[in-house]
Amino acid sequence: MHNLAIQKLALFITTLHSVLGADAPSKFPIPWDEAVVKAKTFVAQLNTSEKVGLVTGSYGSSRTLPCVGSIAAIERVGFNGLCLSDGPAGLGRSDGVSVFASGITVAATWDRRLMYERGRAIGEEFRAKGAHIHLGPSCGPMGRHGRGGRNWESFGPDPYLAGIAMNETIFGVQSVGVQATAKHYLGNEQETQRVATTAPDGSVIDAISANIDDRTLHELYIWPFADAIHAGTASVMCAYNRINGNYSCADSDTLTTILKDELAFPGYVMSDWDATKSTVGTANAGLDMEMPGNQTISGTYYFGDSLIGAVEAGTVTLDRLDDMATRVMTPYFRLGQDDGFPTPDPSSGGVFLTYIYGHESPLAGIYPAVPALDVRGDHAQGIRELGAAGTVLLKNLNGILPLRNKTSFGLFGNDLPDPALGSAYLVYGDDATGNEMGTLNIGGGSGTVRHTSLVSPLEAIRKKVQSLDGRMQWLFDNNEIADGRFRSIYPVPEVCLLFLKAFATEGIDRPDLDFQWNATRAVESTARLCPDTVVITHGPGVVLMPWANNENVTAILAAHYPGEETGNSITDVLWGSVEPSGRLPYSIPRTAADYGPPIVELPSNVTDSNAWQSNFVEGQLIDYRHFDANNDITPLYEFGFGLSYTTFKMGHNLTVEVVKSPLDPKADKRHGIAPGGLVDLWSITTTATIDVTNTGSRSGFAVPQLYVSLPQETTPRGTPLKVLRGFEKVHLAAGETQTITFSLKRRDLSYWDVNEKSWIIPDGTIGFAAGFSSKDLRAKAEVAVLL
Ligand code: BGC
């Protein structure tokens with residue numbers, strides 16, 4: 001067996017062992033309908049205020065629930081309460097936890113196995129810490145705007161890739177009995193004015209309204225949430241912003257009509273923190289749980305006593321309250337959390353105090369600091385592997401990488417050493433303070449995770465260079481580099497490794513798409529010094545690389561935010577013990593203006609409470625769909641692109657077979673409805689097959705991709721020229737050929753008809769194209785699917 005395959009098998013067995021060896025019950029998940037029966041029986045024994053207690057949160061309300069949100073225990077019936085914790089890349093605000101790769105890195109792997117294993121490892125840590133509910137994964141924002149402050153938490157702007165990542169992550173997290181929360185539903189594409197503000201005259205200026213048409217919602221922004229529901233997500237978090245004029249947590253169209261009715265979501269809708277704006281309006285629109293309820297920052301909350309009052313007054317029916325409470329309890333029973341879930345680690349409360357973002361903890365002074373339970377297990381191994389697998393090789397001239405026969409290295413850039421300010425990105429909403437010196441392996445805000453362990457690039461590379469008996473010289477101050485003050489550098493290194501970074505955080509959008517701290521000038525100046533300059537970037541996704549074509553920049557590696565093993569992952573890649581097998585899950589434009597719709601930014605003195613409107617006029621045409629529609633704008637590096645240390649070829653014969661034929665054009669209820677929507681939509685209707693060969697002299701991972709073009713003539717305006725509808729990550733030995741089969745579901749070939757309110761397979765021929773990126777298409781076929 002190949003070495004890598006042995007390593008993978010060993011990793012799989014270890015993971016399996018550590019999971020099965022744990023005290024997790026093995027009987028879950030039980031079927032949804034059985035869980036609903038248990039939840040209803042449970043709720044039936046409660047009085048109104050206990051039911052309201054189940055749907056009204058708080059910050060850790062007692063010493064036993066030191067979490068960012070909690071549902072209080074009801075001791076009378078043996079319910080110990082629920083602990084909710086951030087976030088998508090690991091258990092934030094705690095010690096003794098792993099910092100996993102962030103969502104954008106995960107998407108860049110295009111690797112279902114790694115997506116699942118990461119989800120499972122995250123779930124294991126949540127479980128071991130006694131956190132019932134994981135506040136992740138995120139597929140909102142998707143990344144409509146390159147500058148979006150939270151894009152890195154999600155899986156990128158393609159709904160198909162994001163949907164697969166949601167699916168795998170949720171299966172992983174929930175496989176160990178921890179509830180997943182798909183967030184932020186819906187249209188939370190910009191941080192600017194994500195929440196309402198108060199004008200100088202005291203009037204309220206409402207949050208941004210994302211105005212999105214029905215088809216775009218279905219085919220783009222809701223698509224990965226449908227995957228999440230299909231995968232069985234326990235919860236969906238509604239967002240801060242408004243959607244089509246209504247606050248997201250009060251929008252019955254998207255919460256009830258779409259999420260609960262059309263997509264048959266059986267779990268509960270939880271509000272983002274402080275995103276609930278009313279009692280009756282939200283409860284009746286479909287909100288099931290207010291967070292953080294009785295301890296909101298503003299001090300105002302809408303469930304609790306107000307909800308009891310509304311039920312007494314009949315403005316919210318008792319049936320609806322029962323439905324809310326039943327929905328909250330259903331995933332708890334489905335995932336066996338009634339069967340011996342670990343008690344929350346009280347240390348999380350201690351760390352919580354010293355690690356608060358943006359506001360004083362209501363718990364300040366309550367908890368003494370206690371030593372943390374260390375739940376990291378062997379997760380560093382998987383984090384290291386994923387970090388390398390999510391690194392994208394964008395340029396590699398003269399085979400400079402992997403590094404061979406070099407012994408003299410220049411290590412340049414402020415992204416190399418340990419962060420000067422310690423083990424957490426504490427600063428909330430300010431990218432300049434505190435984060436200048438030190439490597440960036442995750443973004444800021446509620447999605448960050450504090451480091452119990454961190455292997456910086458400097459540490460790992462130093463070890464590597466020592467093992468080669470080589471030497472390294474360094475310069476970390478970007479200003480010195482930018483100004484060409486290489487005073488301490490002698491002789492000129494054989495290779496200069498320049499590490500750049502771009503910070504992004506919840507709460508504000510990025511000021512621009514640039515790498516920060518004089519990065520562009522630092523590249524130009526390093527390239528003048530060093531004919532072999534390798535640029536390694538740590539960033540949140542879409543970035544500008546105006547220096548990419550500099551001929552002395554011989555290689556570029558986009559390493560995203562890879563988590564705590566960042567140094568080891570990049571060292572593995574640089575010296576080639578592992579391939580940089582990532583592919584871009586977004587496009588890199590030549591200029592910021594090329595990327596698409598701008599963020600709405602209004603002057604701070606607006607007085608119109610309804611002024612903040614974001615019209616999604618581009619419809620589905622974001623990222624590569626936007627570049628396809630405007631073929632005069634070419635990206636610098638396109639969606640799906642990434643080089644390898646070997647080369648691949650694809651056969652010319654793309655064979656497409658219709659599995660179920662003839663097909664009714666319209667998906668209907670014949671086969672019923674289940675979480676995720678019409679069962680029909682999830683059945684395989686078509687397969688496409690292509691050969692891929694490794695034509696190089698070393699083994700490597702190919703990522704063949706399948707794009708589908710629905711006919712423009714028989715679909716309404718706005719149909720993208722092509723959309724991703726299949727991919728595989730396949731390991732090929734030198735010279736090896738494999739036949740790849742993509743399986744397409746009915747939904748993959750349908751568009752959302754806004755009049756019929758139905759998914760429809762269009763008349764005419766559907767185009768299929770296989771290739772190695774959204775621009776590098778090697779084989780095409782055309783088939784009429786509806787016969
Ligand atoms: C964020 C959520 C997060 C919550 C709890 C909010 O500000 O938008 O993503 O889960 O806080 O920390």
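Read the numbers this way: they start at 1 and go in the same order the structure lists the ligands and their atoms.
Atoms of ligand 1 lying under 4.0 Å from at least one heavy atom of Leu135, given by number and element, are 10 (O). Near Arg150, meaning under 4.0 Å from one of its heavy atoms, ligand 1 places the atoms 1 (C), 2 (C), 8 (O), 9 (O). Proximity to Met237 (heavy-atom distance under 4.0 Å) selects the following atoms of ligand 1: 10 (O). Each of the atoms 6 (C), 7 (O), 8 (O) of ligand 1 lies under 4.0 Å from some heavy atom of Tyr240. Interface atoms of ligand 1 facing Lys183, defined by a heavy-atom separation under 4.0 Å, are 2 (C), 3 (C), 9 (O), 10 (O). Close approach to Val68 involves these atoms of ligand 1, each under 4.0 Å from a residue heavy atom: 12 (O).
Within the 4.0 Å heavy-atom criterion, the part of Glu506 lying near ligand 1 is the side chain and not the backbone. Contacts between Met270 and ligand 1 below 4.0 angstrom, taking non-hydrogen atoms only, are absent altogether. Contact annotation: for Glu153 versus ligand 1, there are no heavy atoms closer than 4.0 Å.
Using 4.0 Å as the threshold, Arg194 has a heavy atom nearer than that to some atom of ligand 1.
Of all the listed residues (Asp272, Val195, Leu84), Asp272 holds the heavy atom that lies closest to atom 2 (C) of ligand 1.
No salt bridge links Arg194 with Asp509; every basic N to acidic carboxylate O contact stays at or beyond 4.0 Å.
Between Tyr332 and His132, the angle of the ring planes lies from 30° to 60°, which puts this pair in the tilted group.
In terms of heavy-atom proximity, Leu84 sits nearest to Met289 at CD2-SD, 4.4 Å. Between Gly245 and Arg242, the closest heavy-atom pair is O-CD, 3.7 Å. Taking both residues in full, the closest heavy atoms of Gln174 and Phe28 are given as O-CE1, 3.8 Å, listed atom of the first, atom of the second, then distance.
Between Trp273 and ligand 1, no N or O atom pair is found at a separation short of 3.5 Å.
With no hydrogens or angles considered, a side-chain donor-acceptor pair links Glu506 and Ser446 at under 3.5 Å. Checking His379 against Glu125 by side-chain atom types alone, a donor-acceptor pair falls below 3.5 Å. Asp274 and Tyr301 share no side-chain donor-acceptor pair at under 3.5 Å.
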